[in-house]
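Worksheet: the structure to be examined is printed underneath.
Small disclaimer: the values here were computed from a predicted structure and weren't measured.
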Amino acid sequence: MRIAQFANLGIPCEKCGANIKSGRLCGKCRDTLVTDLQAFENEEKRVTGILGNDKKNTYYMKDDQKG
């Protein structure tokens, strides 16, 4: 059976429950998920960049004197 052959038949979006013809998410939920994932990746890159810069500017001293 093909859902596309029946105009009033659909499967529910796993997030919002809207009727869809194929896949697991409706277009709106899919776009929201893509946007959220992109924002997360951008934040990860930003945090990694900040942490990476901290390591470049850190100086260590070795104390060879024994007291």
Side-chain angles (χ1 to χ4, degrees):
M1 174 175 85
R2 291 190 160 190
I3 293 175
Q5 295 173 339
F6 301 95
N8 295 328
L9 186 62
I11 54 176
C13 168
E14 289 187 7
K15 185 171 181 187
C16 71
N19 275 344
I20 54 176
K21 300 293 181 188
S22 65
R24 298 172 72 169
L25 298 173
C26 67
K28 183 179 176 184
C29 290
R30 183 183 62 242
D31 292 345
T32 300
L33 181 61
V34 168
T35 301
D36 290 348
L37 286 173
Q38 186 63 47
F40 177 78
E41 288 176 356
N42 290 341
E43 181 65 12
E44 285 288 308
K45 288 178 185 177
R46 187 185 74 78
V47 169
T48 301
I50 290 171
L51 293 176
N53 288 338
D54 285 349
K55 290 181 181 178
K56 291 178 186 174
N57 296 327
T58 302
Y59 299 95
Y60 298 95
M61 295 178 61
K62 183 177 178 183
D63 185 8
D64 288 336
Q65 296 178 356
K66 298 187 183 196

Val47 and its side chain to side chain contact (heavy atoms under 4.5 Å, CB included) partner, picked from Glu43, Lys45, Glu44
Glu43

Residues that Arg24 engages under side-chain hydrogen bond (donor to acceptor under 3.5 Å, both in side chains), provided they are two or more places apart
Glu14

Quick one: side chains of residues 33-41, donor-acceptor pairs under 3.5 Å with protein atoms, not counting sequence neighbours, listed by atom name and distance.
unit_1	atom_1	unit_2	atom_2	d
Thr35	OG1	Asp31	O	2.9
Gln38	NE2	Asn42	OD1	3.1

Taking side-chain contact (heavy atoms from CB on, under 4.5 Å) as the definition, give me every residue that meets it alongside Lys28, ordered by chain and number, with sequence neighbours left out.
Cys26

Closest non-hydrogen atom pair, Lys21 against Leu9:
NZ-O, 3.0 Å

